[in-house]
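Scroll down for the structure; my scribbles are underneath it.
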Protein chains: 2
Amino acid sequence: MIRIVIAEDHQSLIDGIKLSLQNELDIQVIGEANDGEALIDLVRLKEPNVVITDIRMPKLDGISATRIIKTEFPTIDVIGFSMFDQTDAVAQMRDAGASGYIMKNSSLATLVEAIRTVAKKKSFFDSNLMIEKNTSLTEEIILSKRELEILRLIGEGNSSVEISELLFIGKATVDTHRKNILKKLNMHGKNDLVRYAVERKYDFT
Amino acid sequence: MIRIVIAEDHQSLIDGIKLSLQNELDIQVIGEANDGEALIDLVRLKEPNVVITDIRMPKLDGISATRIIKTEFPTIDVIGFSMFDQTDAVAQMRDAGASGYIMKNSSLATLVEAIRTVAKKKSFFDSNLMIEKNTSLTEEIILSKRELEILRLIGEGNSSVEISELLFIGKATVDTHRKNILKKLNMHGKNDLVRYAVERKYDFT
DNA sequence: AAAAAAATCCCTACAAGTAGGGATTTTTAA
DNA sequence: TTAAAAATCCCTACTTGTAGGGATTTTTTT
């Protein structure tokens, strides 16, 4: 029996995962936490086999939490998961000692596979992750300087026109950059860029 | 001389604040941090008079950082600041021991005033904050259950149509809720709701 | 110096959210 | 039980971003 705990500040997502795992008889959800600190407490209390944790959480983020967990309990396997394919986040989770990484839009099958794989002491990184596709997992700087700049401004809440005024370029240029960013990140849809920019507010270089 | 440190994961914002404070001769920025853990280290090292910290930061968030700082250095005054008027965040910062709270879109004058006020051991909470306007600062539940639900779904990246399908209601209804939420939060503009929903991913009740 | 990458700008069409109205039904609270 | 609040739905007009093209100039890199 694989005993797991889930950490995710979004309760509805936890509920979804729990529901999804109900049919997997060898996997048991023994606890859940809504922030990093609660996760640490929970792990100390229950000592699960596998921890599934969001990157971005209140109080303590998933990366720091993973570091602490792996220091105290090296045998516990941690799977990180987040909304987007953030190369840096994946690398940081790996450095922190995580055994796996999946994305929130991954299928149930992927989730289950990830849990079983890490429980067998193997690592599992979602095949959708860009980091897996390209060999060089160190410097994978996909976005150009200008694109990063524009992404940052999007995250700050600026519209294309506002950005064009801030950077003294045309609105059309900003739109082109947006499209290129979307293409590079393999995203579609209306608000994805905004969400991505805000979500990854981390590590803008 | 008021010695302050700034914590904010968005370097450009730190730069902006520093620039703004250059002309204030009695205020000196003696350090900056891009995450909660770095902030704690910095405070221990430099022991400033005032700390200005973002709520949402990698590793350790502003609320937890404030709690730690106030435990170790009760005389240091902390000012929280964030993008939006999150009633819960303000309350939590207050509980953690913060002396003030301002919003990122506050004017420079407000920022300077806040710093000087807390340095005088008085508390400063931005007059724009809803919490200040309404007397009952405990339960200030502005958004209805349905509105919160929709806001959550927006944060998860769903469009109005998708939300309407998820909740078995019409698209028009979702739009109305959006408009009401915007009105209640006093927001305008295209992506504000998305950004707000993602930013406040915290504490959805 | 030549090729590749990045940055700049324009076009049309379409989808989605905002802003301003209005209106009805269902819940909740006094 | 009756007001008040919440939730439901519809209308038109407008703005903004996405998707699909194309094209030119400026920087890098080889």
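Chain identifiers are assigned alphabetically (A, B, ...) following the order of the sequence lines, protein sequences preceding nucleic acid strands; residue numbering begins at 1 within each chain.
If you measure from atom CD1 of B:I163 to atom C1' of C:dA16, you get 12 Å, rounded to the nearest angstrom. Distance, A:I154 CD1 to D:dT16 P: 15 Å, rounded to whole Å. In this structure, A:R146 atom CZ and D:dT28 atom P are separated by 12 Å, rounded to whole Å. The interatomic distance linking B:R195 (CZ) with D:dT16 (C1') rounds to 15 Å, in whole Å. Atom pair A:L151:CG and C:dA7:P shows a separation of 13 Å (rounding to whole Å applied). Atom P of nucleotide C:dA6 and atom CD1 of A:I181 are separated by 13 Å, given to the nearest angstrom. Rounding to whole angstrom units, CD1 of residue B:I169 and P of D:dC10 are separated by 12 Å. Taking atom CG of residue A:L143 and atom P of nucleotide C:dA7, one finds them 10 Å apart after rounding to whole Å.
For the pair B:R116 and B:F124, the cation-pi criterion (under 6.0 Å, within 45° of the ring axis) is not fulfilled.
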*Heavy atoms under 4.0 Å is the rule here; annotate nucleotides 17-30 of chain C 5' to 3' with B where the base is hit, S where only the sugar-phosphate is, and - elsewhere.*
BBBBB---------
*Go through the steps for A:E147 and A:R178 under the test salt bridge (charged side-chain N to carboxylate O under 4.0 Å, His left out), then give the verdict.*
CA-CA 8 Å; A:E147 288 167 343; A:R178 291 186 94 118; over 6 Å; no
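Under a cut-off of 6.0 angstrom, the local environment of NZ in A:K121 is crowded, with over 12 non-hydrogen atoms contributed by other residues, nucleotides or ligands.
Side-chain contact between B:L60 and A:D61 is absent, with no heavy atoms from C-beta onward closer than 4.5 Å.
When all heavy atoms are compared, the tightest approach of B:M57 to B:E8 is SD-N, 4.0 Å. Scanning both residues, B:A98 and B:T66, for their nearest heavy atoms gives N-CG2, 3.9 Å. Across B:N34 and B:P58, no two heavy atoms sit closer than the pair O-CD, 3.7 Å.
The overall bend of the helix from C:dA1-D:dT30 to C:dA30-D:dT1, read as the angle between its terminal helix axes built from five base pairs each, is 70° when rounded to 10 degrees.
Using a distance-only test at 3.5 Å, with no hydrogens or angles considered, a donor-acceptor pair links the side chain of A:N158 to the main chain of A:L153.
A salt bridge links B:E149 and B:R146; the closest N-O separation between the charged side-chain nitrogens and carboxylate oxygens is under 4.0 Å.
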